[in-house]
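Data first, discussion second: the structure below is written as structure tokens.
Every value quoted in this text rests on a predicted model; they were computed, and no experiment measured them.
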2 protein chains.
Amino acid sequence: MGVDVLDATFAALADPTRRAILARLAEGEATVTELAAPFAMTQPAVSKHLRVLERAGLISRGRDAQRRPCRLEVSPLKSAMDWLANYRGYWEESYQRLDDLLGELQAGGPGAVDREAP
Amino acid sequence: MGVDVLDATFAALADPTRRAILARLAEGEATVTELAAPFAMTQPAVSKHLRVLERAGLISRGRDAQRRPCRLEVSPLKSAMDWLANYRGYWEESYQRLDDLLGELQAGGPGAVDREAP
DNA sequence: CACATATAAAACCGTCTAGTTATTAAACCG
DNA sequence: CGGTTTAATAACTAGACGGTTTTATATGTG
């Protein structure tokens, strides 16, 4: 189910231009020309990057006259992070304690611990 | 420094075969034929995937007679997760509190908690 | 209406990717 | 030694990628 999502998400993140675009959008909506400005490439090239990000669900686009403002959509980033989180324990053990804590907080406060292992 | 690392890491993770290989290696070392067994593709194809993973620093390889056992190397995964962590706050606010907690724990253990007022 | 702005689309190019088959290299075994 | 196992290499193909230039499509403005 979630396989294509991870494929498209990681593939989209593999390009530094696209990561920079996402970083810019983290500060708020932006138009295509605003997004293209910092890069030494043509506008169609940036539009292609945006199409890749859009197909991966990492951005969505509105309409404002001729402009197509883009905004960040983080849910694929969360999916990617969830996948990576399976390996968290291999490099940092204190994260395991934090994971437990998160479970407690989300379950309704300390005392309500109920974890499951994958 | 970290740009090419992220490029190679995310590109490597964009393929479901390679993600499955990493998942398998998370349970311990494995040889090329062991890794290739679950997949409906030829051995050279798997060897190519392993070369991609190796160039990305996600696996390392030993020597055991004819065998080349592979083992997981997680530090690029940590780099990828660190990058994604910048967006954590956009989908989950309780992570921010946990991040603060992590800082406290690493700074001096659970007795050294010294939170700042919000 | 004519023109400028903002963006997408088309056609093209060189490089990379994911797979194949066939071959080679190295190490073990009888 | 000859044969088998393990893995890498080579050569090839089809398609995706990242970029270009050129052209088209909306939309606002004088």
Between A/Glu73 and A/Leu58, does a side-chain contact (heavy atoms from CB on, under 4.5 Å) hold up when you go through it step by step? CA-CA 5 Å; A/Glu73 298 287 341; A/Leu58 284 162; 5.8 Å; no

Can you list the steps and then say if A/Met41 with A/Val46 is a side-chain contact (heavy atoms from CB on, under 4.5 Å)? CA-CA 7 Å; A/Met41 70 182 67; A/Val46 173; 3.9 Å; yes

Assess the residue pair A/Val52 and A/Arg55 against the criterion (side-chain contact (heavy atoms from CB on, under 4.5 Å)); give the C-alpha distance rounded to whole Å, side-chain angles, the decisive distance to 0.1 Å, and a yes or no. CA-CA 5 Å; A/Val52 171; A/Arg55 274 193 301 133; 4.2 Å; yes

Among residues 22-43 of chain B, which residues get a heavy atom nearer than 4.0 Å to DNA chain C? B/Met41, B/Thr42

Under 4.0 Å from any atom of DNA chain C, heavy atoms only: list the residues of residues 51-65 of chain A that qualify, in numerical order. A/Arg61

Less than 4.0 angstrom between a side-chain N/O of [X] and OP1 or OP2 of [N], yes or no?
X	N	result
A/Arg68	D/dA26	no
B/His49	C/dG19	yes
A/Ser47	C/dT7	no

Roughly how many Å is it from [atom1] in [X] to [atom2] in [N], rounded to a whole number?
X	N	atom1	atom2	result
A/Leu13	D/dC17	CG	C1'	16 Å
B/Arg67	C/dA27	CZ	C1'	9 Å
B/Leu50	D/dT9	CG	C1'	15 Å

Backbone N/O of [Y] and side chain of [X]: donor-acceptor pair under 3.5 Å:
X	Y	value
B/Arg67	B/Thr31	no
B/Tyr87	A/Val74	no
B/Asn86	B/Trp83	yes
B/Arg68	B/Gly62	yes
A/Arg19	A/Leu13	yes

Which one, C/dA10, C/dA22, C/dA6, comes nearest to the side chain of A/Pro44? C/dA10

The nucleotide from C/dA6, D/dT21, C/dT20 with an atom nearest the side chain of A/Gln66 is C/dA6

Name the pairs: protein N/O against N/O of nucleotides 12-14 of chain D, kept only if under 3.5 Å.
none

Are the charged groups of B/Lys78 and B/Asp82 less than 4.0 angstrom apart, N to O? yes

Indicate yes or no: at least one non-hydrogen side-chain atom of A/Ile21 is less than 4.5 angstrom from one of A/His49. yes

Apply side-chain contact (heavy atoms from CB on, under 4.5 Å) to B/Arg24 and B/Glu34, showing your working. CA-CA 10 Å; B/Arg24 165 64 184 79; B/Glu34 286 168 352; 4.2 Å; yes

